[in-house]
S.K.: 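Take a look at this one; I'll ask things after.
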Amino acid sequence: MTQDAIVAARSISRSFFSNRVLNDVSITLRAGTIHALLGENGAGKSTLIGILSGALAPDAGDIDIDGVRHAAVRPAIARAAGIAVVQQELSLTSQLSIAENVGMGALPRRLGLIDYSALMRRAHEVCALVGLEQDLARPVGDLPLGQQQLVEIAKALFRKPRVLILDEPTSSLSAHEAANLMAVLRRLRDAGTAVLYISHRLNEVLALCEWVTVLKDGVVTADRSLGGVDAQGLVRLMVGREPGDLFPRWTPSAEPAPIIAVEGLSAGMVRDVAMTIRRGEVLGVGGLVGQGQEDLLLGLYGAIPAVAGRAEFNGVVGLPRSVPQANARGLAYVPADRKREGLHLIHSIAWNLMIPSFGRAPSLAMRRTASERERAIALADRLGIKGDLTREVQALSGGNQQKVALAKWLPSDPPVLLLNDPTRGVDVDTKREIYALLRRFAAEGRAVVLLSSDTPELVNLCDRVAVMRAGRLVRVLERTELSEEAIVSAAMESAVPGAAA
Amino acid sequence: MTSPTERFAAARWQAVLRSRPMLTVAMVALAWIGASFFQPGFGGWRHLRYLLELAAIVGLVSIGQTLVVVAGGIDLSVGAIVTVSAIGVPLVTWLADPTGTAPALFILLCATLIGALNGLGIALLRVHPMIMTLAMATFLQGVLILIAGGSAISAQNAVLSWLGNARPGGISASVLLWLLASAIALWLLHKTPFGARLFALGTNPLATSLSGIGVRSTTIAVYAISGFTAGLAGALVLGVNGQGYVGIGDSYLLASIASVVLGGTSILGGRGTYAGTIPGAILLVTITALITMLNASAGWRNILFGTLIMALLLLSGRERQRR
């Protein structure tokens, strides 16, 4: 078993400032094995990846690569050994083309210049492999988040890695694209690649991986074969206690009259969409990645230019022309990319929670520290954000950051919540809290629009699911017809000629 | 519900002492004490008061610059606006008024409008702040050369010369004006929603816009404020000198940026305080006075300023990596 180990890390410890993130962690990556690394947010997964790929040096411990012992992996050693990482935080250069991003750092040269025809050819191969159908000359910044993730994966494959580390590669991929990625990974495994796979989606882990290492608070709590382990067992390994149901019980609370009704809505990629949103429902928005779902939400929110044949928002006719106008009509939007679009990372939790009220209040009204603190504490308590609220938001785990991004809207009591993939990169416990919260919002009579790339989420939480393809709304599935298969087939069906809606 | 003291850790006094504004205050004190030993007259009340009068002008220009930099921009037109104001007041002859208040107010309005125009270009046409304000400065300098030519324009303006020269109760009127303006600036930045919007905008414009803050109106307002404070400084320059000429405001551009950066405001936006800019401005005029005292060439002053700014920007470059 040990002779096919490519990377073997032993007794790794690492601290940041005085905070011990990894403590005596050992892990072995073997050729031809897909190895799962599980753990809640903040368990130390990203730090471990950093150490294995040479981005970070361990404080103690050593790492064998192909039988050669290193005290720390330097980036050059990692590259020579063929270790490639697909980061969770996308590391793409948005102004450069897809092909250039894919080849970045390993560009084919001819006479000292970039050999663009070779680059295009090879980039095309790997992009086809991950199922990215785009003009490779397009700047990456133009792509939706999910397709950027595919570029990130293609970039890793471009180097023909012997060890491939993927940090939540499917967090913004739809079921179809995720399935495609898994087929690619199986093929790589069969060709002898060692794969380290990190995901919060347990069914993927069960379907794909043979071996699992579980981290909890920086310590390995399990390192075993996945044979005979089921989803409940996996959660038990991660959380260290019995899991409850992930999804809250679904009870109908939708009111018949719509709070938002639009016809002929076009915005960005969105073409001619007619839809209604009701109070008391969770309306899912699904489909393959990048079919205009995000533009739909942004268009409704007044954040991108939009036109509509007819529109009524909360009793007011016409689309909101700006974000403040949308806020005034009771809409709130929680973005998918919370670090870039949702939060002010260098400021405190309390300050972030106050931001929408800074926008609403008269410019020169006196700010009252005491009342701001009271409101911040009440919000933090309501969503279970613990600890010192003067901490900078960038110091929080993904789950807690998401709670801040959501909580800041609650003071204005918005009747319509537009949520863009709110559980992306969030650990299981926080996911459960967010799910319960969404159903509670619906029960309170709010309209919740849930854009999600996680199909089980759509099936278990939503009253209805609107499925989009190529900017059009192709199906609205009612609760009774909801299933993962129904959503995936609706997302794909108009690809068949003649079946377009 | 948990108690406020549990959820809001008290600011530690050690952290306050180690902050950049305090560091700048310490540097000023050190420079003053050190210089007094070598040159007995340096630490005298009259000389210090004179330094504060010089710092008042830099400090006024730096109010707008601080707010703009906190909001993630930069205003390269402040020097030109100072000149517009210093030359403009004597030109507004049709608003004849024995106290000189009307022409002064009129020019302040013009300066504010010039600033608002900067903001319009940046917010609506999405021109980079550096390009927009540099183009504005160049444009204004061209207009001024056409109007004023190479000659100095003298002014008889009662209000402004009082502001520039009077010392009620031994304290300079210009310093009192600066104190008042500083109090308003600090209140605006730290105690109003408008100030909070500036910090939000400078930290993350996209998240700010999606949070329902009017990015355009905030941008236009902050550049208008910068135009106003530069105009006010220009009026004071005129009051002190009794005349204005093309180029009289040029030195205030770099001085304003230097005092903002010296005061610990991040040139990347989103972090900072005018409380740091105040000692920053005083430190700058002190350095100038020291160089004069040593009989060194004015070239040395510029070399020192340039080096200082570069050193501080290197520090904030390290900050960028941590973001």
Side-chain angles (χ1 to χ4, degrees), chain A residues 298 301-303 322-328 331-335 337-352 354-370 372-374 376-378 380-382 385-391 394 405 408-409 412, chain B residues 1-12 15 67 70-72 123 184-218 220-222 224-225 266 268-272 316 319-323:
Chain A
L298 291 176
Y301 192 52
S322 67
V323 173
Q325 214 177 80
N327 292 152
L331 276 75
Y333 174 71
V334 179
D337 190 345
R338 52 185 169 260
K339 293 191 177 179
R340 237 165 42 80
E341 301 172 352
L343 295 169
H344 293 76
L345 293 174
I346 58 169
H347 290 293
S348 72
I349 302 172
W351 194 84
N352 269 274
M354 291 300 120
I355 287 178
S357 68
F358 293 148
R360 276 196 312 276
S363 297
L364 300 182
M366 188 79 171
R367 283 173 58 193
R368 309 247 171 240
T369 314
E372 278 183 17
R373 287 187 171 188
E374 264 169 39
I377 291 169
D381 285 347
R382 195 160 156 199
I385 303 165
K386 297 181 192 76
D388 180 5
L389 298 180
T390 59
R391 277 176 302 165
Q394 61 190 352
K408 70 178 190 181
W409 289 110
S412 64
Chain B
M1 195 160 133
T2 41
S3 73
T5 45
E6 223 171 279
R7 307 302 290 274
F8 285 86
R12 304 241 309 271
L67 300 191
V70 162
I184 295 174
L186 284 170
W187 171 78
L188 195 65
L189 198 54
H190 299 293
K191 283 287 162 197
T192 68
F194 176 75
R197 286 177 212 159
L198 297 182
F199 283 103
L201 191 58
T203 309
N204 187 340
L206 185 56
T208 303
S209 147
L210 288 173
S211 299
I213 289 175
V215 170
R216 286 178 178 180
S217 54
T218 308
I220 295 168
V222 75
I225 292 172
S266 165
L268 306 172
R271 264 195 225 269
S316 48
E319 181 196 351
R320 188 195 293 272
Q321 290 176 354
R322 286 192 283 110
R323 284 202 181 176

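A, B, ... follow the sequence lines: proteins, then strands. Residue 1 opens every chain.
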S.K.: Would you compute the distance between atom CH2 of A:W409 and atom OG of A:S357 and round it to the nearest 0.5 angstrom?
M.R.: 10.0 Å

S.K.: Taking the side chain as every heavy atom from C-beta outward, state whether B:S211 and A:K408 have any pair of such atoms under 4.5 Å apart.
M.R.: yes

S.K.: By a 4.5 Å heavy-atom criterion (distance strictly below it), what part of A:P356 contacts chain B: side chain, backbone, both, or neither?
M.R.: both

S.K.: Using heavy-atom distances under 4.5 Å, tell me whether A:I349 contacts chain B through its side chain, its backbone, both, or neither.
M.R.: neither

S.K.: By a 4.5 Å heavy-atom criterion (distance strictly below it), what part of A:A376 contacts chain B: side chain, backbone, both, or neither?
M.R.: side chain

S.K.: Is chain A contacted by the side chain of B:T208, its backbone, both, or neither, given a heavy-atom distance below 4.5 Å?
M.R.: both

S.K.: Looking at residues at least two apart in the chain, or sitting in another chain, which of them share a side chain to side chain donor-acceptor pair (under 3.5 Å) with A:R360?
M.R.: none

S.K.: Counting heavy-atom pairs under 4.5 Å to chain B, which of A:G302, A:A365, A:G342 comes out on top?
M.R.: A:A365

S.K.: Which bit of A:N327 is near chain B, if near means a heavy-atom gap under 4.5 Å: side chain, backbone, both or neither?
M.R.: side chain

S.K.: Of all the heavy-atom pairs spanning B:I220 and B:A123, show the shortest one and how long it is.
M.R.: CG1-CB, 4.2 Å

S.K.: Relative to chain B, which segment of A:L343 carries a heavy atom at a distance below 4.5 Å: side chain, backbone, both, or neither?
M.R.: backbone

S.K.: Please determine, among B:L188, B:N204, B:I213, the option with the most heavy-atom pairs under 4.5 Å with chain A.
M.R.: B:N204

S.K.: Please find the pair of heavy atoms, one from B:F199 and one from A:H347, that lie closest to each other, and give the distance.
M.R.: O-NE2, 4.1 Å

S.K.: Check whether A:F358 forms a cation-pi arrangement with B:R197 (NZ or CZ under 6.0 Å from the six-membered ring centre, at most 45° off the ring normal).
M.R.: no

S.K.: So, for A:W351 and B:A196, which heavy atoms are closest and what is the spacing to 0.1 Å?
M.R.: CZ2-O, 3.4 Å

S.K.: Could you list the residues that satisfy side chain to side chain donor-acceptor pair (under 3.5 Å) with A:S412, not counting sequence neighbours?
M.R.: none

S.K.: Under a 4.5 Å heavy-atom cutoff, which of A:R368, A:M366, A:R391, A:K339 has the most pairs with chain B?
M.R.: A:M366

S.K.: What part of A:A361 gets closer than 4.5 Å to chain B, counting heavy atoms only: side chain, backbone, both or neither?
M.R.: both

S.K.: Just give me the residue among A:G387, A:A303, A:A350 that pairs up with chain B most often, heavy atom to heavy atom, under 4.5 Å.
M.R.: A:G387

S.K.: Which region of A:H344, side chain (C-beta onward) or backbone (N, CA, C, O), has a non-hydrogen atom less than 4.5 Å from a non-hydrogen atom of chain B, or is it both or neither?
M.R.: both

